[in-house]
2 protein chains.
Amino acid sequence: MANHHKQDIESTMQDIVKAMSAKGWRITDQRKSLATLFAEAEGFLSPKDVYDSMRQQYPGVSFDTVYRNLRLLSEMGVLEQIYLNDGLKFRARCGSHHHHHLICLQCEKTVPFEFCPMLHMAGVPADFQVVSHRFEIFGYCPSCESTASSE
Amino acid sequence: MANHHKQDIESTMQDIVKAMSAKGWRITDQRKSLATLFAEAEGFLSPKDVYDSMRQQYPGVSFDTVYRNLRLLSEMGVLEQIYLNDGLKFRARCGSHHHHHLICLQCEKTVPFEFCPMLHMAGVPADFQVVSHRFEIFGYCPSCESTASSE
DNA sequence: CTTACTGCAAAGGGTTTGCAACGTA
DNA sequence: TACGTTGCAAACCCTTTGCAGTAAG
């Protein structure tokens, strides 16, 4: 949240809700809570993270509702998934232009950067039909760097 | 196997066996079979793929033995893991120099290429301590291209 | 002969599904 | 009101673990 503007969070949250509504899905309290959660999140969240966060607002929420909505939002393209070393994680897809991320190995926060290797590449076999690519840099963000080096 | 030389397979297989032996591990028939399998494989194998292949030679082999050995070989650095869309996969780590891969979305064969984005990058925040990176290109290899486009 | 490895069976964790009650549109 | 959504419970993978028998070194 630290470097997010309050309006950005609100508008991201509204975007997610609108996207669900546009698909004809009902806007339940749990889904609003989920949208807010991902709008506020700076890094990746595991299903358990999501469950724990949502339980603070909706103590009765169940794991299967979390999974159902994570899957629906992923299929819709609102969320993106990634397997980090300790399992499947989710975050709100960056809606703007194409870019890649630095991912902190400790806090799993992400930092975007603009360099895309596909624009600079030479040497891809011409007969390979490229569909997509994945480029991530792992390491420690400024906040975690000191902690990590002292371990 | 198509573009693998027979000697390469044999030597890769021997490398894996030697690596296990050097660590003091016993060379059982199942492990020899596993080493041969990964030496011959061109793409990624799931635990189930490995289990199915090994069962052809050793009908009595069990899933836990497969998992145990996959884990041991991964921890040793002989195998590398990746999460593709349909789960965890393994392949023999390329022992030579640093490079990246094209991965076929259909047959999951891999094609190495030399371009590494880290050597060409600008714009990484200076205060981010880089540990590792991941760069993969997904698409269709020449053999799968025609099949894929007709679907 | 010693100790690691295996297979079996059972447990474990994460994720999905069937169903009746509920709440949104 | 009607139908999508939820919580519960149970089922379902995939993966790991405990144990006694087996086999490599």
Side-chain angles (χ1 to χ4, degrees), chain A residues 14 16-37 44-76 78-90 108, chain B residues 13-14 16-37 44-76 78-90:
Chain A
Q14 290 300 337
I16 297 177
V17 167
K18 276 179 199 156
M20 289 192 280
S21 188
K23 286 267 179 180
W25 299 353
R26 297 189 176 165
I27 308 308
T28 62
D29 288 343
Q30 291 92 327
R31 284 182 173 165
K32 267 187 275 193
S33 169
L34 224 175
T36 305
L37 181 61
F44 290 93
L45 301 173
S46 69
K48 183 161 193 318
D49 294 335
V50 174
Y51 175 68
D52 291 340
S53 296
M54 286 184 68
R55 270 231 296 203
Q56 292 175 15
Q57 280 194 52
Y58 300 93
V61 79
S62 63
F63 246 112
D64 31 65
T65 296
V66 170
Y67 278 110
R68 272 188 287 245
N69 285 317
L70 287 177
R71 185 146 53 108
L72 285 172
L73 287 172
S74 298
E75 285 170 3
M76 254 179 75
V78 170
L79 297 182
E80 61 185 331
Q81 308 180 13
I82 188 175
Y83 272 99
L84 299 182
N85 287 331
D86 53 340
L88 186 58
K89 301 291 175 80
F90 296 81
E108 293 186 348
Chain B
M13 187 276 198
Q14 291 301 337
I16 297 176
V17 168
K18 274 179 200 155
M20 288 192 280
S21 188
K23 285 266 179 180
W25 300 352
R26 298 188 177 167
I27 308 308
T28 63
D29 289 343
Q30 291 93 328
R31 283 182 176 166
K32 266 187 277 190
S33 169
L34 224 173
T36 304
L37 182 61
F44 290 93
L45 301 174
S46 69
K48 183 160 192 319
D49 294 334
V50 174
Y51 175 67
D52 290 340
S53 297
M54 287 184 69
R55 270 231 295 201
Q56 291 174 14
Q57 280 192 52
Y58 301 93
V61 77
S62 64
F63 246 113
D64 31 67
T65 296
V66 170
Y67 278 111
R68 271 188 287 242
N69 285 317
L70 286 177
R71 185 147 53 110
L72 285 172
L73 287 172
S74 298
E75 284 170 2
M76 254 179 77
V78 170
L79 297 182
E80 61 184 331
Q81 307 180 14
I82 188 177
Y83 272 99
L84 298 182
N85 287 331
D86 52 341
L88 187 56
K89 301 291 174 82
F90 295 81

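In what follows, chains carry the letters A, B, and so on, assigned in the order in which the sequence lines appear, proteins first and then strands, with residues in each chain numbered from 1. Please read all numbers here as calculations on a predicted model, not as lab measurements.
Between Trp25(A) and Arg31(A), the closest side-chain pair of non-hydrogen atoms falls below 4.5 Å. Between Leu84(A) and Phe44(A) there is a side-chain heavy-atom pair separated by less than 4.5 Å. Between Asp86(A) and Glu108(A) there is a side-chain heavy-atom pair separated by less than 4.5 Å. Using a 4.5 Å heavy-atom cutoff, the side chains of Lys89(A) and Leu45(A) are not in contact.
In this structure, Lys48(A) places its NZ atom 17 Å from P of dT16(C), rounding to the nearest Å. Note: CG (Asn69(B)) to P (dT16(D)) measures 12 Å, nearest angstrom. Distance, Phe63(B) CZ to dC14(D) C1': 8 Å, rounded to whole Å. Atom NZ of Lys32(A) and atom P of dT24(C) are 8 Å apart (whole Å). Per the geometry, CH2 belonging to Trp25(A) stands 17 Å off C1' belonging to dA25(C), to the nearest Å. We find that CZ of Arg55(A) is positioned 13 Å from C1' of dG7(D), with the value rounded to whole Å. Atoms CD1 (Ile27(A)) and P (dT6(D)) sit 10 Å apart, rounded to a whole Å. The separation between Tyr58(B) atom OH and dC5(C) atom C1' is 14 Å, rounded to whole Å.
Taking 3.5 Å as the limit, the base of dG4(D) and the side chain of Arg68(A) contain no donor-acceptor pair of atoms between them.
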For nucleotides 9-11 of chain C, list the nitrogen or oxygen atoms of the protein found under 3.5 Å from its nitrogen or oxygen atoms, one pair per line.
residue, atom, partner, partner atom, Å
dA9(C), N6, Asp64(B), OD2, 2.9

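If you check every strand for non-hydrogen atoms under 4.0 Å, Gly87(A) touches nothing. Heavy atoms of Ser62(B) sit under 4.0 angstrom from at least one base atom. Contacts of Arg71(A) with the nucleic acid, taken as non-hydrogen atoms under 4.0 Å apart, involve only primed sugar atoms and P, OP1 or OP2.
Nearest-nucleotide assignment on DNA chain C puts the 5′-proximal partner with Arg26(B), out of Arg26(B) and Gly60(B). Taking the nucleotide of DNA chain D with the nearest heavy atom to each of Pro47(B) and Asp29(B), the more 5' of the two is matched to Pro47(B).
Judged purely by atom type and a 3.5 angstrom limit, Ser33(B) has no side-chain atom pairing as donor or acceptor with the backbone of Asp29(B).
Residue Leu70(A) comes nearest to Ser74(A) through the heavy atom pair O-OG, 2.8 Å, listed as atom of the first residue, atom of the second, then distance. The two atoms that bring Met20(B) and Met76(B) nearest to each other are N-CE, 3.8 Å, heavy atoms only. Smallest separation of non-hydrogen atoms from Pro47(A) and Leu88(A): CD-O, 3.4 Å.
Taking Tyr58(A) as the reference, nothing meets the ring pair (Phe, Tyr, Trp, His ring centres under 6.0 Å) condition, with sequence neighbours excluded.
Taking only side-chain nitrogens and oxygens, Arg31(A) comes nearer than 4.0 Å to OP1 or OP2 of dT5(D). When the side-chain nitrogen and oxygen atoms of Gln30(B) are compared with OP1 and OP2 of dG7(C), one or more of them lie within a distance under 4.0 Å. Within the 4.0 Å cut-off from OP1 or OP2 of dC5(C), not a single side-chain nitrogen or oxygen of Thr28(B) is found.
For DNA chain D, none of the residues of residues 16-24 of chain A falls under the heavy-atom distance limit of 4.0 Å.
No more than 12 heavy atoms of other residues, nucleotides or ligands shown are found within 6.0 angstrom of CG on Asn85(B).
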